[in-house]
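Not measured: the values here are computed from a predicted model. The sequence lines fix the lettering, A, B, ..., with proteins before strands; numbering per chain opens at 1.
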Amino acid sequence: MDYQFKEIEKKWQQFWADNHTFKAENNTDKPKYYVLDMFPYPSGAGLHVGHPLGYIASDIFARYKRLKGFNVLHPMGYDSFGLPAEQYAIQTGQHPLVTTEDNIATYRRQLDQIGFSFDWSREVRTSSPDYYKWTQWIFMQLFNSWYNKDADKAAPITELVAHFESKGSAGINAVCDEDILSFTAEEWKAFSEAEQQTELLKYRLTYLRESTVNWCAALGTVLANDEVKDGFSERGGYPVEQKKMMQWSMRITAYAQRLLEGLDTIDWPEPLKEMQRNWIGKSVGASVKFPVENSSEVIEVFTTRVDTIFGVTFVVLAPEHELVAQLTTPEQKATVEEYIAKTKKKSELDRMADTKTVSGAFTGSYVLNPLNGEKIQLWIADYVLAGYGTGAVMAVPSGDQRDYLFAKHFDLPVVQILDIQKIDTEADPTKEGTYINSDFMNGLDYKAGTAAVIAKLESIGSGKAKVNFRMRDAIFGRQRYWGEPVPVYFKNGLPYLIKESELPLLLPEIDKYLPTETGEPPLGRATDWKHAEGEYELSTMPGWAGSSWYWYRYMDAQNETDFASKEAIDYWKAVDLYIGGSEHATGHLLYSRFWNKFLKDIGKTPEEEPFKKLINQGMIQGRSNFVYRLIDAEGKGTNTFVSHGLIKEYNTSPIHVDVNIVENDVLNQAKFKAWRPDFAEAEFILENGKYVCGVEIEKMSKRYYNVVNPDDLAQRYGADTLRMYEMFLGPLEQSKPWNTNGIEGVFKFLRKFWKLFHDADFNFNVSDAEPTKAEFKSLHKIIQKVEQDIERFSFNTSVSSFMIAVNELTDLKCNKRAILQDLVIILEPYAPHICEELWELLGYTKGKLSYAAYPTFNPAYLVEDEFSYPISINGKMKTNIALSLALGNDEIEAIIRSHADVQKYLDGKSPKKVIVVKGRIVNIVL
RNA sequence: GCUCAGAUGGUGGAACUGGUAGACACGCAGGACUUAAAAUCCUGUUCCCGUUAACGGAGUGCGGGUUCGAUUCCCGCUCUGAGUACCA
């Protein structure tokens, strides 16, 4: 039979499912290997060809590791809580669960037909109560923990309470809110229950706090910083404004330093680590307190250049700073209020677009330099951000360009503080030279000066060395329906956890998926949804909750008494290889690392980092095709279409055309007429008898008609071809436009591979004869090459190598079992269906191929006794001369010098020098 | 602006530690088979000059450098993509 991919693929997909071929065990003698894909949100649009790219790569790796004798965990699941299903529910009234399950069914069908070796018995869905029970459970552990800075880890809140009861607040070094109280043990015991709980909330790793949030009115919810792009929601593109709300937050900042340090221990792409470093944004400096003149208030600033403190000529507050109203003098009140009003009106976008304009207002108040008591003007300006540091800066115009421009604009003094500083036209941020105009620092250099200033500030209690992080605590709540309920009820306005035995706290049914009339979240609509002791929290958890620990659930997905058993976690430990997109750099990948560290702190998991190695697959862009409609003299569109090469000669307008009716940029005219009724009578102006379409690279999207669906390709060419073609496209990490041109080449390769096992009439025909040297050489070349390629995730080059091997073996007319059976094993990770079929035809046990032994590379087969030396003259290759590899360099040089072919090029001259690199090259220098 | 990644034929890409640039595939051209087409197979295909051919010259974004030898290393620049942005 010829290569019948449809029957073969159906047969083996069914076989794998029926026989649970890819079920992983939790206890074996084999070494373990955990290959994970970022699980998808099951959207209504289904998969396009870009989605499986990473899954194919991870599947090849997983299958390869199985052949190498590893017990491989390669699971898949769904991040199935999320906004789109809820938006759809609002529009149609359809329960998000129904939509979600439909979409999951589509995803599953699409995934199945590509032949992935997932262990589906471990599937997880974040929206399933068996799963979110444990998401809620982790929330409860966070609520019951605080961060002990002395131990540098999370600790039970009961320890903190015990400390308060015996020693009061003294001696606690915690990551906590800023407004914590100081109290003795007696005072603590005298506190009311409410006072105690209020105080404890300031320490808990998840806590309530009034915070400025990104409020998206159109979506009716708050968004995390990473869900907001340029002032608009990432999903849907709706405007986002700043609003103050009581919100659940996660004290991720407690882990800032560990999140930063951990990056040095993991094998991730450098750009991704860099993104996380920038997001964490550590800066080392000092905090300095400037007392306000004639007031008890103090302005605290953070600076990375505390050495420039004698160059401070003004201090600037953010317009939103809490002391602004209080410190504005009556004379300046009008100016300041007008400025604040103006700032508020500016949208985020305006503020960004407008970074060059200098603006600000004088408050009328003065602060005092803590080191010399000098009077300094206090200003407000919108270039100071309320959300960073203390919302106040000490301005040093000689060293900072923004401060310089501000000083020049408002005619404030600029003081040079280093002897070599050049400040005639702009600020000079140098650290070179020695200080001048700087009191006790005069004559010191940067290092000594900085140390001296900090020591002095500390001695008078006006400042200290400080590390500041840009990262903020993560807001952990959404005013939405389709998410995990927070396992909390409120009594007297204070949050209490429900009992563990009450988990999971199920999502209640509601009539409409909209906020209540009083503006409460949708959960406010639920009737009979009340805790015995109070009202439930009405927010749900954000999208990243369920994905922040899911890799542990796969280890033991059925467990009813724990999120995963200790044995399972101790066996699988962490993910060895994680493949997914870089768009999750500062969201999912940061939150997951945070929760992982927390779970380690409470003794539930063993590893500091959850993902040892991570690879970002590139984005697959769309490649749009265009036809050009002829415009008539009146400017109206006609029914005539002009081929792309001729559009300069006509007046035309481009129209997106479905890429599925275009082949190699040539339009299928019949299909075009059938595509849309209004094109049925279309006429064409052709070039060379063909209609050629225009091309543009855009995002892959329905509205550009450039979506290529894996279903169509799987139907037309089969899963094996699709898998290999996606890999053949280029390096995995590189982004590239999808182009189906060339898929034929891969299909032809598989057919050629099939024909190696068959005679001209397609009868299975494999010989048991001993292979020749050339046949062994081809085989061992590919064994070595593919192994090297897979280990460095260079899948595109191994596909090429397979083609070379099959071409060679075809030329050798090789049908020897000894060669072909090994070839079947090494090709299995790439094209598993055809290989299973041939494995069975070869007479081996059905379905055992996935666990066969990977052939061992034997270098003896590649040993050559002759090498065709490239002979170059002055580095330019001229000719080849075959010589024995047994010859030494001197012998080679002698032969080359006198060789007739070489003499031709020497033109009578004698070589200055002959460089011989054995087995590589000969270079003659004239 | 800053950070990172990248630039190789008509196209996707290969060249792994400085050693034959363009593997493999698509496309294109020519040919075989066929009444014809599809499919399949064979040959050619970096560019320029020249030509039956051998051969000659140029060539990995641009300009320099190191080296016997550079797509690979170093310096300077241009362009493209991604991230980030008044971060004190």
Side-chain angles (χ1 to χ4, degrees), chain A residues 2 230 269-275 277-279 281-283 285 301-306 308 315-316 318 351-352 354-358 381-385 387-396 399-403 405-406 468-470 582-583 585-586 616 618-619 621 664-666 695 725 728-731 733-746 748-749 751-752 785 788-789 791-792 794 796-807 868-880 904 911-917 919-926:
Chain A
D2 198 352
D230 300 335
E270 203 46 53
L272 198 84
K273 291 199 209 177
E274 201 57 31
M275 270 190 247
R277 284 190 194 107
N278 290 338
W279 190 263
K282 180 180 180 175
S283 52
V301 304
F302 174 75
T303 176
T304 53
R305 287 297 301 274
V306 70
T308 63
V315 164
V316 191
R351 265 172 92 154
M352 270 192 284
D354 191 24
T355 59
K356 292 280 173 282
T357 320
V358 177
D382 65 3
Y383 80 85
V384 177
L385 306 176
Y388 184 75
T390 57
V393 304
M394 58 177 231
V396 184
D400 182 287
Q401 185 60 17
R402 272 171 337 205
D403 296 345
L405 291 173
F406 197 87
N468 199 48
F469 291 96
R470 192 177 78 106
S582 59
E583 66 271 22
T586 50
N616 290 130
M619 243 229 314
Q621 295 143 308
N664 297 327
D665 297 331
V666 175
V695 174
Y725 184 60
F728 189 57
L729 230 41
E733 290 99 326
Q734 227 167 68
S735 285
K736 56 225 155 211
W738 176 265
N739 189 344
T740 310
N741 291 350
I743 195 167
E744 297 274 353
V746 174
K748 277 193 243 172
F749 154 77
R751 204 160 163 264
K752 221 166 160 180
K785 173 75 174 147
Q788 286 170 350
D789 284 349
E791 300 281 357
R792 64 191 175 104
S794 175
N796 55 324
T797 51
S798 27
V799 176
S800 302
S801 311
F802 278 120
M803 290 174 171
I804 294 169
V806 167
N807 287 346
S868 177
Y869 279 91
I871 311 300
S872 49
I873 296 182
N874 291 332
K876 269 281 179 200
M877 211 285 277
K878 293 293 177 187
T879 188
N880 283 296
K904 238 177 19 190
K912 273 197 207 122
K913 200 169 167 188
V914 176
I915 286 141
V916 176
V917 183
R920 282 244 180 233
I921 201 169
V922 176
N923 190 20
I924 299 165
V925 186
L926 282 182

Suppose you measure atom C1' in B:U66 against the same atom in B:C75; what distance do you get, rounded to whole Å?
11 Å
B:C77 and B:A70: how far apart are their P atoms, nearest whole angstrom?
24 Å
Within the structure shown, what part of the strands sits under 4.0 Å from A:Lys748 by heavy-atom distance: base, sugar-phosphate, or nothing?
sugar-phosphate
Distance between the C1' atoms of B:U40 and B:U34, in whole angstroms?
11 Å
Return whichever of A:Thr304 or A:Met275 has its heavy-atom-nearest nucleotide of RNA chain B closer to the 5' end.
A:Met275
Does B:A23 have OP1 or OP2 under 4.0 Å away from a side-chain N or O of A:Asn807?
no
Would you mind classifying the nucleic acid contact of A:Ile804 as base, sugar-phosphate or nothing, using non-hydrogen atoms under 4.0 angstrom?
sugar-phosphate
For nucleotides 3-15 of chain B, give me one character per nucleotide, 5' to 3': B if any protein heavy atom sits under 4.0 Å from the base, S if the only such contacts are to the sugar-phosphate, - if neither.
SS-------BSSS
Contact class for A:Arg751 vs. all strands (heavy atom < 4.0 Å): base, sugar-phosphate, or nothing?
sugar-phosphate
Of the candidates B:A25, B:A88, B:A85, the side chain of A:Val393 sits closest to B:A88
Run the salt-bridge test on A:Glu270 and A:Arg277 with the 4.0 Å N-O cut-off and return the result as yes or no.
yes
Selected nucleotide, minimal atom distance to A:Ser283 side chain, candidates B:C24, B:A88, B:C16
B:A88
Mind checking whether A:Phe749 and A:Phe802 have parallel, tilted or perpendicular rings, split at 30° and 60°?
tilted
Picking from B:A88, B:C68, B:U40, the nucleotide nearest the side-chain atoms of A:Val925 would be B:C68
Residue mapping more 5' on RNA chain B - nearest nucleotide basis, A:Lys876 or A:Glu744
A:Glu744
Rounding to the closest angstrom, what is the interatomic distance between B:A14 and B:C68 at atom P?
31 Å
Can you tell me how far C1' in B:U35 sits from the matching atom in B:U52, rounded to whole Å?
35 Å
What integer number of Å spans the C1' atoms of B:C79 and B:C62?
10 Å
For A:Gly745 against A:Met803, the heavy-atom pair lying closest together:
O-CE, 4.1 Å
Considering non-hydrogen atoms only, spot the tightest contact between A:Val316 and A:Ala395 and give its length.
CG2-CB, 4.4 Å
Select base, sugar-phosphate, or nothing to describe what A:Asp400 touches, counting heavy atoms under 4.0 Å on all strands.
nothing
Rounding to an integer number of angstrom, what distance separates B:C55 and B:G65 when you compare their C1' atoms?
33 Å
Please pick, from B:C86, B:G69, B:A21, the nucleotide with the shortest atom-to-atom distance to any side-chain atom of A:Arg402.
B:C86
By the 4.0 Å heavy-atom rule, please label A:Asn468 as base, sugar-phosphate, or nothing.
nothing
Whole-Å C1' distance, B:U60 and B:A82
24 Å
Out of B:C68, B:A85, B:A88, whichever nucleotide has its closest atom nearest the side chain of A:Arg470:
B:A85
A:Asn741 side chain: which of B:C26, B:C87, B:C68 is closest?
B:C26
